[in-house]
Amino acid sequence: MRIGEFSRRAGVSERSLRYYEQQGLLRPARQSSGYRAYQESDLRTVRHIRTLLAAGLNTETIAELLPCMVEDGGRLGPGCAELLPVLRRDRERVDRALADLATARSILDAMIAAPIPVTGAANSACEPVDAPA
DNA sequence: GTTCTAACA
DNA sequence: TGTTAGCA
């Protein structure tokens with residue numbers, strides 16, 4: 001099937017499908033017309049790609065994992081042990097990101113909890129805050 | 001009308 | 001990733 005129908009069935013924009021191909025995630029055949037020709041099985045591949053993207057993996061990593069990922073009962077998992085270190089590495093990246101977000105939240109919490117009453121407003125357009133209780 | 005590539009008010 | 005331009 002061509003990209004239009006495939007896009008609708010996969011629920012992914014044509015733009016994204018072309019991007020996935022450019023990143024080596026999908027390799028649809030080409031008709032003599034030059035149009036991409038997708039296989040029924042590509043629908044499963046796209047689902048896997050979306051899952052991996054949702055997990056925060058970059059396309060380079062996905063290209064590496066995709067060939068070995070297997071699906072069972074709707075669950076996607078590594079088909080070979082070599083993938084585990086890669087997945088763990090990304091999990092650590094997520095942990096660091098969460099830590100950074102926690103830091104950002106703390107900074108915001110501290111500022112929100114400590115409004116500073118001033119006599120002359122810093123900015124004429126600013127309303128002075130009330131003194132904390 | 002559909003798809004393709006390339007490029008970005 | 002969306003969108004648009006210019007083709008075939």
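Atoms considered below: every heavy atom in the structure, side chains included; atoms not considered: hydrogens, waters and symmetry mates. Numbered from 1 within each chain, the chains take letters A, B, ... in sequence-line order.
- The CD1 atom of A/Ile3 sits 14 Å away from the C1' atom of C/dT1 (whole-angstrom rounding).
- The CG atom of A/Leu17 sits 13 Å away from the P atom of B/dT5 (whole-angstrom rounding).
- Here the P atom of nucleotide C/dA8 and the OH atom of A/Tyr35 are 12 Å apart, to the nearest Å.
- Heavy-atom minimum distance, A/Arg2 versus A/Tyr35: CD-CD1, 3.5 Å.
- Looking at A/Met111 and A/Ile107, their side chains come closer than 4.5 Å, going by heavy atoms from C-beta outward.
- As rounded to whole Å, 14 Å separates atom P of C/dT1 from atom CD of A/Glu14.
- Regarding A/Arg8, its CZ atom lies at a distance of 12 Å from the C1' atom of B/dG1, rounded to whole Å.
- Between the C1' atom of B/dC4 and the CZ atom of A/Arg36 lies a distance of 7 Å, rounded to the nearest Å.
- OP1 or OP2 of B/dC4 lies within a sub-4.0 Å distance of a side-chain N or O belonging to A/Arg18.
- A straight line from CZ of A/Arg2 to C1' of B/dT2 spans 6 Å, rounded to a whole angstrom.
- Across the protein-nucleic acid pair, A/Phe6 atom CZ and B/dT2 atom C1' stand 17 Å apart, rounded to whole Å.
- Using a 4.0 Å cut-off between a side-chain N of Lys or Arg and a carboxylate O of Asp or Glu, A/Arg18 and A/Glu14 qualify as a salt bridge.
- Remark: side-chain polar atoms of A/Ser16 are not paired, donor with acceptor, to backbone N or O of A/Val12 under 3.5 angstrom.
- Distances shorter than 4.0 Å separate none of the side-chain N or O atoms of A/Ser33 from OP1 or OP2 on C/dA8.
- A/Tyr20 comes within 4.0 angstrom of the backbone, heavy atoms only, and of no base.
- Here the nucleotide nearest the side chain of A/Ser16, chosen from B/dT5, B/dT3, C/dG2, is C/dG2.
- A 3.5 Å limit on both hydrogen-bonding distances identifies B/dT5 as the Watson-Crick or G-U partner of C/dA5.
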